[in-house]
Engineer: 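One structure follows; several queries about it will come next.
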Amino acid sequence: MEQPAAVAAPVPGTPLALVTGVAGFIGSHLAERLVTEGWQVRGVDAFTDAYDPARKRANLRWLQTRCEFELVEADLAADDLGPLVRGSDVVLHLAAEPGVPGSWGPAFAAYCRGNVLATQRLLEAAAAGGAPRVVYASSSSIYGDDAASPVAEDSLPRPASPYGVSKLAGELLVGAYARRGLLGVSLRFFSIYGPRQRPDMAIHRFIEAALAGRPLTLYGSGAQTRDFTFVDDAVAATAAAATADLEPGAVLNVAAGAPVSLSTVVDLLREQLGPSGLAVRRGPERPGDVAWTWGATDQARDRLGWTAATDLRSGLARQIAWHRGRARAGQAAPACARPVP
Ligand code: NAD
């Protein structure tokens with residue numbers, strides 16, 4: 001077992017959040033919000049090669065100018081997690097091996113390691129006195145294909161992909177540690193989109209193709225429907241779960257509650273990008289891609305005081321602006337001059 005790099009001591013009087021997967025799409029936005037809200041953030045990432053690690057380093061550009069932020073490069077599935085977790089008021093666990101289509105076949109070993117083993121090791125460190133609360137980023141993929149109406153948290157999980165199975169296993173581990181007294185809760189994210197979205201995800205691929213004048217590839221009929229949720233909204237729900245009055249083992253959907261087909265997304269992008277750049281090439285349906293996702297939102301509203309605030313049209317505009325500005329984002333900001341004591 002490797003020792004992770006030394007971590008800075010918590011600053012007395014400032015709450016400390018450990019954010020795993022901090023360099024990823026959602027984790028980097030979450031850490032930015034927490035720093036802005038007055039948290040000290042210890043961010044952990046292994047910079048895995050699920051996609052280009054340089055993109056992940058770019059996601060941290062603003063955070064690394066902030067003295068309230070500390071980056072620790074560590075692998076949750078292998079390194080000693082005690083020193084990382086110790087002193088945290090909450091662990092927000094977003095690190096994972098992401099993506100449905102790639103989870104079949106021999107690749108599943110990486111999903112077991114990244115989503116099951118890593119989660120168990122983190123929970124063990126938290127339960128050993130490292131942190132009183134763990135918020136786990138789960139997924140709508142645990143539900144499977146039965147969501148032609150809003151799916152509530154107590155529906156029977158029937159994941160349609162090995163990825164969904166691995167995320168459900170993580171949730172069940174949170175439940176097992178919750179029964180031992182850890183305040184572990186799970187948030188089921190529904191199709192998050194927005195600036196920095198992972199490059200394998202549909203909206204990212206569509207916008208990049210359109211801006212490059214290439215045809216975009218739409219897998220399946222286009223009628224498949226997703227409850228797209230803007231990243232700032234998902235992050236607001238996650239930040240709320242860091243302090244909300246929740247019982248150990250609580251599970252909440254984080255969904256906009258407004259499902260839209262992929263063909264409609266293409267039409268909305270066409271509206272904003274102009275028709276010329278949006279030729280569509282059809283690809284075969286991909287195994288594990290479900291027909292519907294649609295989350296019931298009343299639990300998140302009642303328990304977190306949260307509802308999604310961003311409609312799809314304006315969320316897409318913000319993501320398009322990010323793709324357009326990516327080339328300009330290379331200018332480095334000054335690094336934090338004063339390390340957190
Ligand atoms: P992402 O791939 O952008 O971020 C995950 C980060 O975790 C990466 O930076 C990666 O390097 C890091 N990581 C992976 N394994 C690690 C390990 N063993 N140790 C340390 N770091 C490790 O993914 P994302 O889209 O930001 O997703 C974040 C979380 O939300 C994941 O748990 C994912 O399953 C969940 N989720 C995402 C969506 C979505 O639409 N993006 C939907 C449902 C659930």
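We're numbering straight along the sequence, starting at 1. Ligands are counted one by one from 1 in listed order, and the atoms in each one are counted from 1 as well.
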Engineer: Can you confirm, on distance only, whether ligand 1 has an N/O atom lying under 3.5 Å from any N/O atom belonging to Glu97?
Structural biologist: no
Engineer: Which word best sums up how the rings of Tyr136 and His93 line up, parallel for under 30°, tilted for 30 to 60°, or perpendicular for over 60°?
Structural biologist: tilted
Engineer: Does Ala46, backbone or side chain, put an N or O under 3.5 Å from an N or O of ligand 1?
Structural biologist: yes
Engineer: Is it the case that ligand 1 has an N or O less than 3.5 angstrom from some N or O of Leu94?
Structural biologist: yes
Engineer: In this structure, does ligand 1 have an atom that sits under 4.0 Å from one of the heavy atoms of Tyr193?
Structural biologist: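 In this structure, Tyr193 fails to qualify as a contact of ligand 1 - no heavy atom is under 4.0 Å.
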Engineer: Is it true that, when you exclude Glu271 itself, more than 12 heavy atoms of the residues, nucleotides or ligands shown sit nearer than 6.0 Å to its CD?
Structural biologist: yes
Engineer: Give every residue pair that meets the salt bridge (Lys or Arg N to Asp or Glu O under 4.0 Å) criterion with at least one member in residues 236-263, sequence neighbours excluded.
Structural biologist: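 For residues 236-263, and leaving out neighbouring residues, the salt bridge (Lys or Arg N to Asp or Glu O under 4.0 Å) pairs sorted by first residue read Glu247-Arg303.
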Engineer: With nothing but distance in play, are any N or O atoms of Ile192 less than 3.5 Å from an N or O of ligand 1?
Structural biologist: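 Yes; at least one N/O pair falls below 3.5 Å.
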Engineer: Ligand 1 versus Ala74, non-hydrogen atoms closer than 4.0 Å: side chain, backbone, both, neither?
Structural biologist: backbone
Engineer: For Ala118 and ligand 1, does the shortest N/O to N/O distance drop below 3.5 Å?
Structural biologist: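 No, Ala118 has no N/O under 3.5 Å of an N/O on ligand 1.
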Engineer: Got an N/O contact under 3.5 Å between Tyr163 and ligand 1?
Structural biologist: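 Between Tyr163 and ligand 1 (N or O atoms, distance only) the closest approach is under 3.5 Å.
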Engineer: Pairs of nitrogen or oxygen atoms closer than 3.5 Å, one from Met201 and one from ligand 1: do any exist?
Structural biologist: no
Engineer: Hey, does Phe228 have a side-chain heavy atom less than 4.5 Å from the side chain of Ile203?
Structural biologist: yes
Engineer: For Arg198 and ligand 1, does the shortest N/O to N/O distance drop below 3.5 Å?
Structural biologist: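 Looking only at distances, the answer is yes, because the N/O contact criterion of under 3.5 Å is met.
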Engineer: Which atoms of ligand 1 have any heavy atom of Ala23 under 4.0 Å away?
Structural biologist: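 Matching atoms, with element in brackets: 9 (O).
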Engineer: Could you check whether Arg57 makes a cation-pi contact with Phe47, meaning its NZ or CZ is under 6.0 Å from the centre of the six-membered ring and within 45° of the ring axis?
Structural biologist: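 Checked: cation-pi criterion met.
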Engineer: His93 to ligand 1: N or O pair under 3.5 Å?
Structural biologist: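 Between His93 and ligand 1 (N or O atoms, distance only) the closest approach is not under 3.5 Å.
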Engineer: Using a plain distance cutoff, I'd like to know if Ser140 has any nitrogen or oxygen under 3.5 Å from a nitrogen or oxygen of ligand 1.
Structural biologist: no
